[in-house]
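Here the structure comes first, spelled out in structure tokens, and everything after it is commentary.
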There are 2 protein chains.
Amino acid sequence: MSGVDRSVLAGLKPFAGWAAADLDALLAPAHARRFDKGAAPFEQGAPADSFFLLLDGHVQASKLTPDGRQIIVRYIGPGELFGIAAQIRETTYPATAKAVVESLTLVWPSSIWPELAAKFPALSSGLLQAFGARLADANARVIEMATEPVERRLARALLKLAAQSGRPVEGGVEIDFPLTRQELGEMIGATLFSVSRLLKAWETEGLIAGGRARIVVRRSDRLSAIAEGE
Amino acid sequence: MSGVDRSVLAGLKPFAGWAAADLDALLAPAHARRFDKGAAPFEQGAPADSFFLLLDGHVQASKLTPDGRQIIVRYIGPGELFGIAAQIRETTYPATAKAVVESLTLVWPSSIWPELAAKFPALSSGLLQAFGARLADANARVIEMATEPVERRLARALLKLAAQSGRPVEGGVEIDFPLTRQELGEMIGATLFSVSRLLKAWETEGLIAGGRARIVVRRSDRLSAIAEGE
DNA sequence: CGGTCTGTTGAGTACGGTCAACAACTGTGG
DNA sequence: CCACAGTTGTTGACCGTACTCAACAGACCG
């Protein structure tokens, strides 16, 4: 047994409406695992022996280029599966996952995927959906990188992060995990210097606020305007 | 009946080893359709009522950005399924397909996909594989765009095209369909001017050759060196 | 209280985009 | 067959965005 109660799953969108017995069956082969801030559930290139469901916290998925530069693929929030890319074709993880805050996950052995997928068709169709969404997202990013200036990409990234992982605070929405200029740069393909200049300008204009590795989106309307094209 | 013999499928990699009866069953609901050079099997945003298998020719998949710029997602070669992204989540085509040379396709109504997928598990697992490959490719492109200069991206694009759609000629490999500087630019996120300058330089150095909309890769070794980093 | 991490700011530079002009080739219709 | 229009490719001048590098200032942590 996993020591995890089915109630932790029942609250997550992907499992809404599942029967209790099914949730139990899904949970049986899983175990819970906690990761400290900075710890890595898996590294790019390592054998993909497990897949994960994030229960609480935030996990960063990044890739290393051949010449040692890092780019951030996405941030994973509670309720999302990760480490599943491997189930589809590869035997090693295509990216590195790192907990950016203390995070709680469920872990299944990869070998059990076919059995689970057969028992719960909703799982594999959900996987397809997720892949479709990621493919669309990746294509959108290619287009952005090719056609849009850094300023727009940055505004867009902030809005996306606020929408996905935002926590309402007075006067805006705070991005719910520490996020440095360096990391923002690695998300949008820019240097930390360019990011720093833009954020500073926006802060003095009142569009955003924040402290060390903390960002609050204050005026998402004006950021949207920048993201679209002034 | 489709008027297409099962022998046209038997020669394509995805169908190697299929039983004759299965091929016939797969072919039954399909019909053949020819597209002139320049004709579009489908347009971005249109209802996705069909999916396609390219038998012969070359098809370009492109997307239009909100502000009217075009970017080329990929080139499709014989034996590849296309127009299937819709089967996964969307009801409209996410991109436009255009025949860049006269092309021959098989067409199935989208509505029949679930039935076919159920009857031939190899089809849906092939789809997953294809999606995985495309996702990996899209991610690789994001990384390229973010970290590599135009010169490298162009060299890489030429090598990929030559490998995928190359026809050996004396002294090199010719890309098997007309390809303008404009289109190369739209593939790698650059202007036709930058592409023109680079190709000219490479032509005088003997790395490539070509005429109007024709490109022959002569020295793939040296192009590889450029693609990696001199 | 030093060391590390994060952020700011400035100066210089270059890659690649924009725009304009023209040349060469292709296909079409009179 | 030629004239013409359309497409494709080349080249030059200019310029701006964003990168590189350097120096420094706070914030956080042990």
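Just so it is clear: chains get the letters A, B, ... in the order the sequence lines come, proteins before strands, and each one is counted from 1.
- Here CZ of B:R141 is found 13.5 Å from CZ of A:R141. Values are rounded to the nearest 0.5 Å.
- Here chain A contacts DNA chain C (any atom closer than 4.0 Å to a heavy atom, that is under 4.0 Å), and the contacts span C:dC5 to C:dA11 from 5' to 3'.
- Taking atom CG of residue B:L192 and atom C1' of nucleotide D:dT8, one finds them 9 Å apart after rounding to whole Å.
- Whole-Å rounding puts the A:R153 CZ to D:dT17 C1' distance at 11 Å.
- For B:W202, the ring pair (Phe, Tyr, Trp, His ring centres under 6.0 Å) test picks out no residue, with sequence neighbours left out.
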In a table with atom names and distances, give each donor-acceptor pair under 3.5 Å that connects a side chain of residues 67-74 of chain B to protein atoms at least two apart or in another chain.
unit_1	atom_1	unit_2	atom_2	d
B:D67	OD1	B:T65	OG1	2.9
B:Q70	OE1	B:S62	OG	3.4
B:Q70	NE2	B:E186	OE1	2.8
B:R74	NH1	B:E80	OE1	3.1

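- Shown here are the side-chain contact (heavy atoms from CB on, under 4.5 Å) partners of A:D56, two or more places apart in sequence or in another chain: A:L104.
- In this structure a side-chain-to-backbone donor-acceptor pair under 3.5 Å is present from B:S103 to B:H58.
- Here A:F35 pairs with nothing under the ring pair (Phe, Tyr, Trp, His ring centres under 6.0 Å) rule; sequence neighbours left out.
- Within 4.0 Å of A:G210, counting heavy atoms only, lies no atom of the nucleic acid at all.
- B:E203 has its CD atom 15 Å from the C1' atom of D:dT11, to the nearest Å.
- Note that CG of B:L192 and CZ of B:R197 are 9.5 Å apart. Values are rounded to the nearest 0.5 Å.
- A search for ring pair (Phe, Tyr, Trp, His ring centres under 6.0 Å) contacts involving A:F193 returns nothing, not counting sequence neighbours.
- Less than 6.0 angstrom separates the ring centroid of B:Y93 from the ring centroid of B:F42.
- For A:R156, the side-chain hydrogen bond (donor to acceptor under 3.5 Å, both in side chains) partners at least two apart in sequence or on another chain are A:E148.
- The neighbour count for A:R33 CZ, taken as heavy atoms of other residues, nucleotides or ligands under 6.0 Å away, does not exceed 12.
- Comparing B:A190 and A:L199 by the nucleotide of DNA chain C whose heavy atom lies nearest to each, the residue mapping closer to the 5' end is A:L199.
- The side-chain hydrogen bond (donor to acceptor under 3.5 Å, both in side chains) test applied to B:E203 returns no partner, not counting sequence neighbours.
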Under 3.5 Å, side-chain donor or acceptor atoms of residues 169-179 of chain B against the rest of the protein: list the pairs with distances, not counting sequence neighbours.
unit_1	atom_1	unit_2	atom_2	d
B:E174	OE1	B:R167	NH2	3.4
B:E174	OE2	B:R214	NE	2.7
B:D176	OD1	B:R167	NE	2.8

Every protein N/O within reach of nucleotides 20-29 of chain D N/O, cut-off under 3.5 Å:
unit_1	atom_1	unit_2	atom_2	d
D:dG26	N2	A:R212	NH1	3.3

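- Within residues 139-149 of chain A, no residue has a heavy atom under 4.0 Å from DNA chain C.
- Two end axes, each from the C1' atoms of five base pairs, can be drawn for the helix from C:dC1-D:dG30 to C:dG30-D:dC1; they diverge by 40°, to 10 degrees.
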